[in-house]
Amino acid sequence: MADDTTPWWREAVVYQIYPRSFADSNSDGVGDLAGITSKLDYLADLGVDALWLSPIFTSPMHDFGYDVADYCGIDPVFGTDADFDDLLTGVHERGMRLLLDWVPNHSSSEHPWFVESRSSRDNPKRDWYVWRDRQDDGSPPTNWMSQFKGVPAWTHDDLTDQSYLHVFLAEQPDLNWANPDVEAAMLDSLRYWLDRGVDGFRSDVVNLIGKGTDVDDLPDELVTMPLLACDRPFGHELLRRIRQLLDSYEHQPMMVGEVYLLRAGESASYLGTPEAPELQLSFDFRPIHTRWEADRMQSALSKMEVDFAEPGWPTFVLSNHDQPRHRTRYGSQARARAAAVVALTMRGTPFLYAGEELGLEDGIVPPGRVVDPDGRDGCRAPIPWTVDGDDESGHGWPVRPWLPFPANASSNAADVQVGVRDSMHTLYRDLLALRHHHRVLRRGDVEFVESDGDVIRFERSLGGERIVVLVNFADRPAPWPVDLAESVVVLSTDRERTLAGGELGPDEATVLQM
Ligand code: NOJ
């Protein structure tokens with residue numbers, strides 16, 4: 001068991017829910033809070049420790065909730081305050097924790113703050129956003145391009161004859177964190193949810209808040225990626241103050257930041273130092289952006305280890321609501337199974353994306369049903385709870401959901417996997433149980449050991465306990481390491497395997513105890 005000083009989030013496995021796509025309780029085709037509550041037993045049985053909900057706040061939904069019109073309000077499409085309290089109580093009753101998605105860089109253009117800000121140049125909230133004059137030739141104030149749609153990151157507002165900054169959609173104006181009133185209001189929104197009992201936050205594109213009003217022209221090669229170019233000392237200063245707020249709460253709330261920088265390893269700097277801590281966790285998306293090849297994966301994971309060495313602590317993410325699912329990227333169920341073993345046996349806090357425990361592929365979204373401004377509908381396809389349905393309807397959803405189902409929904413629905421020994425669901429459940437059972441998997445050091453070309457081998461160790469993980473990245477057998485002939489198999493993607501030795505099967509991943 002963890003000693004008392006181990007923060008819970010180092011020991012936890014977090015499960016990300018995209019609420020619109022999880023479970024629909026009121027038959028409007030969009031998932032909601034009561035739908036999530038109805039699946040809490042499923043989640044507790046799976047064995048995850050914390051749930052992170054993508055945004056549930058009041059929103060006109062231009063970016064499906066990442067455009068917030070009230071940081072303290074629940075959007076009616078997701079339910080009511082009472083639904084939220086029921087969910088939080090249900091989560092806590094089952095010994096899990098709940099994280100909300102906080103979107104500090106930008107609000108919705110329908111947020112009352114922005115409505116006021118754009119109303120006149122001398123409105124007290126004018127400076128809550130980033131307003132600038134156009135250039136003399138009528139071009140935008142600076143060369144920044146939006147992350148979406150290839151348009152300038154500035155929109156001109158005729159009413160006051162100035163332009164406002166939006167690194168994402170025009171409906172997502174960037175807040176000006178250099179204004180202390182913005183900082184105070186946003187910290188109040190954290191307090192609001194912490195006082196209601198939430199256990200922490202995932203913080204959206206959090207490195208961007210450090211730009212303040214420092215938005216001068218970017219070098220040509222960075223013009224289309226302002227997000228990746230924003231790494232300013234002021235951001236760290238803000239995060240230190242945010243951390244002080246979190247640390248003032250006894251229940252140890254945690255913030256995991258989405259830090260997207262040009263050089264991946266730099267996200268580790270957002271953890272701060274033991275004397276001046278910032279985020280508790282900072283995502284590193286190298287596993288998402290690395291091909292399923294032994295040498296590439298080993299190199300990416302080794303670099304993460306260096307970047308997030310103690311006193312740092314890494315995360316491990318294979319899929320989320322912004323990228324094609326790893327089942328789709330890797331192209332086979334066998335590889336997705338092996339990847340699950342890596343995700344749940346490496347050092348760090350794993351973040352699972354709802355449906356990966358079912359081996360779901362992305363949905364195939366016909367042009368007429370595309371709704372996302374950035375082409376991410378596929379990975380947001382609804383979760384198929386039952387086998388009974390087609391591409392468009394059924395699968396435990398009371399009416400046709402807002403997006404088509406994953407391509408493999410029928411064969412991979414939850415009801416045909418739970419309790420079935422060979423299923424992806426059982427593999428995840430077993431891996432989660434193994435991680436809970438073996439402290440070395442949660443807390444131990446990790447070391448990569450030289451291995452056969454297609455195989456990666458890493459060892460976790462803590463005190464006298466030692467676990468070895470072998471992963472064959474090839475679709476042909478690989479030799480079994482001679483020094484591991486006597487070890488004990490504790491889990492394998494090959495459910496028939498009970499003994500060490502022989503050969504490592506195609507795409508097999510095996511966990512051994514020494
Ligand atoms: C990152 C979120 O994950 C993504 O879904 C969103 O569109 C952008 N930030 C803007 O908030």
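Here the structure is a predicted model, which is why all the values come from computation and not from measurement. Both ligands and their constituent atoms are indexed starting at 1 by order of listing. Because only heavy atoms are used, hydrogens play no part in the values below, and waters and symmetry mates are left out as well, while side chains stay in.
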**Under 4.0 Å from ligand 1 - residues by heavy atom, chain and number** = Asp63, Tyr66, His106, Phe148, Phe168, Arg202, Asp204, Val205, Glu258, His321, Asp322, Arg376, Arg380

**Item:** Passing option when Trp102 is tested against Val198, Asp204, Ile242 for side chain to side chain contact (heavy atoms under 4.5 Å, CB included)
**Value:** Ile242

**Item:** Geometric class of the Trp131/Tyr164 ring pair [parallel <30°, tilted 30-60°, perpendicular >60°]
**Value:** perpendicular

**Message:** Run the ring pair (Phe, Tyr, Trp, His ring centres under 6.0 Å) test on Trp385 and Phe22 for me, step by step, so that the C-alpha distance in whole Å, both residues' side-chain angles and the decisive distance to 0.1 Å come before the verdict.
**Reply:** CA-CA 9 Å; Trp385 295 103; Phe22 198 65; 5.2 Å; yes

**Heavy atoms of other groups near Asp161 CG, more than 12 under 6.0 Å** = yes

**Message:** Angle between ring planes, His395 versus Phe405, binned at 30° and 60°: parallel, tilted or perpendicular?
**Reply:** perpendicular

**Request:** For the pair Phe285 and His289, name the ring-plane relationship: parallel under 30°, tilted 30 to 60°, perpendicular over 60°.
**Result:** perpendicular

